[in-house]
Amino acid sequence: MSDPGFVATSDLRARFCAAMSRMYRNEVPAYGTLVELVGDVNAARLESDSALAGELQATNGVARITAERHGAIRLGTAEELATMRRIFAVMGMHPVGYYDLTAAGIPVHATAFRPLDPDALAANPFRIFTSLLRLDRVDDGDLRAEAEAILARRSIFTADALRLMEQAEREGGLGEDDAAAFIAAVLETFRWHPDACVDRATYQRLHDIHRLIADVVSFRGPHINHLTPRTLDIDAVQAAMPERGITPKAVVEGPPRRRCPILLRQTSFKALEEPVAFPDGQGGFVEGHHTARFGEIEQRGAALTPKGRAHYDKLLAAVRAEVTPAPDGSNAQAYMDHLERIFADFPDDHATLRAEGLAYFHYSLTEAGDAAAAEGGVEGGIEELIERGLVRFDPIVYEDFLPVSAAGIFQSNLGDGAGPGVTADANREAFEAALGAAPADEFALYAEREAASIRDCLDAARARRSA
Ligand code: OOG
Ligand code: NI
């Protein structure tokens, strides 16, 4: 921000994240309990694992842990998605990645709005997994038209949110008062509305096609459906949830527990059944209920290269070809055992992950490297400096999502009988047309960061020499 009168975009994002967290804790008290549990487990883990504490220190990770959260919303129309992109941009959140969920039978495709560069991620990494409903996958033409008409009538943004968004675009930012007004106005879009905008019969018809369609179409806005704190030990949190009165889903999504965490592991607690008032068409309401909102935790590990990711996808597919986790948890142990056995084939130390080009790393000078640089600088390539103990490498944290895991989270929270599902049909072009932009390529972002860290590291090693 060139104008010192503007609030920094990362500050806007941090304030938005904090405001959302406060709102969600009020709306879903179990989420507050989960955040406390995660805080306790993280503190214990940092206390007992000095190597992890050191690694986080070296990559500016410690300060990030408590602030780390993601959330998710589901949108109904292209216009909603395009405007959401402009709103998030004001807070420094930009679309990264394309996720097709139809491959898992769920009628949405999605992107993640998140900060892009390391400084913004370090300042506040908040991101929102944002899905767009695929009404084009609904076979019943009448119901599709009806759902489209209902969605066309709603406007999910307040007039203030739109006005301040345009002002920020025009002027390059928002001053203090406008920033506060903007956050408050945007928060309205994510609020839960217990009064449905369709009658109960319509809700039921949408629900019968797919529960997710009812969730998106029947309400006035895209209520935030979960927030997710980041934990350093997901298995410990999963095990401790019942002690605090929370029932976790049966299996942790993603890779198994490893010495060197990769990508993303996630688990959630079941969505709450909430009272809903359906208009009865005569000015009154009839009572009903809807399950929408839940809590989730995540543990993040190393971002994988395309080669590493292909290996991950292959192993996961092999696991699932043998055992598909049942929603009722009846084969959870068999699934977890199988996962561990098959993933024994994925190298589990940083040196091998790096040597085989499976993960991205951040390079920095060690204390010895700093000392050598101060004493006149050192020459040599990155490999040589690593061998001499002057440079260390730490995994770059994965900042994105995983489609198979996301499908598991969707499914466990839509419950059994979510609907017959849809047939696979990725459509990135349609998504980009709706969004009004092409999402950034996550692999390119990690590769750039790795290359920049090597450049900076070599510059720092040589700095004193040229001085
Ligand atoms: C989104 C589910 C995906 C994740 O963490 O993978 C997700 C949703 O239920 O709307 O949040
Ligand atoms: Ni999530």
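Quantities reported herein were computed from a predicted structural model and do not represent experimental measurements. All ligand and atom numbering here is 1-based and tracks the order in the structure.
- Among the heteroatoms counted here (N, O or S) of H70, NE2 is the one nearest to the Ni ion (ligand 2).
- Protein heavy atom nearest atom 6 (O) of ligand 1, with residue, atom name and distance: Q266 NE2, 3.0 Å.
- Residue contacts with ligand 1 for E296 involve side-chain atoms from C-beta outward but no N, CA, C or O (heavy atoms, distance under 4.0 Å).
- Residue H226 places a heavy atom less than 4.0 Å from ligand 1.
- The atoms of ligand 1 that sit less than 4.0 Å from any heavy atom of F129 are 1 (C), 3 (C).
- In this structure, D160 pairs ionically with R163, as a charged nitrogen and a carboxylate oxygen lie closer than 4.0 Å.
- Between E399 and R300 no salt bridge is recorded (no basic side-chain N to carboxylate O distance below 4.0 Å).
- Judged purely by atom type and a 3.5 angstrom limit, D233 has no side-chain atom pairing as donor or acceptor with the backbone of V41.
- Considering backbone and side-chain N/O of S405, none are found under 3.5 Å from N/O of ligand 1.
- Using a 4.0 Å cut-off between a side-chain N of Lys or Arg and a carboxylate O of Asp or Glu, E298 and R265 do not qualify as a salt bridge.
- Looking at R309 and D313, a side-chain N of the basic residue comes within less than 4.0 Å of a carboxylate O on the acidic one, giving a salt bridge.
- Considering just the N/O/S atoms of E296, the one nearest the Ni ion (ligand 2) carries the name OE1.
- Between R259 and D349, no side-chain nitrogen of the basic residue sits less than 4.0 Å from a carboxylate oxygen of the acidic one, so the salt-bridge criterion is not met.
- With a heavy-atom cut-off of 4.0 Å, A406 touches ligand 1 through backbone and side chain alike.
- Between R74 and ligand 1, at least one N/O pair is under 3.5 Å apart.
- Residue contacts with ligand 1 for L402 are absent, since no atom lies close enough (heavy atoms, distance under 4.0 Å).
- Counting only distance, with no hydrogens or angles, the side chain of T111 and the backbone of V96 share a donor-acceptor pair below 3.5 Å.
- Using a 4.0 Å cut-off between charged nitrogen and carboxylate oxygen, D400 and R114 count as a salt-bridge pair.
- Distances shorter than 4.0 angstrom do not occur between any heavy atom of E298 and any atom of ligand 1.
- A 6.0 Å sphere centred on NE2 of H289 holds no more than 12 heavy atoms belonging to other residues, nucleotides or ligands.
- Residue side and main chain included, E298 places no N/O/S atom under 2.8 Å of the Ni ion (ligand 2).
- For ligand 1, the atoms closer than 4.0 angstrom to any heavy atom of F410 are 1 (C), 2 (C), 8 (C), 9 (O), 10 (O).
- Note on H226: its N/O/S atom closest to the Ni ion (ligand 2) is NE2.
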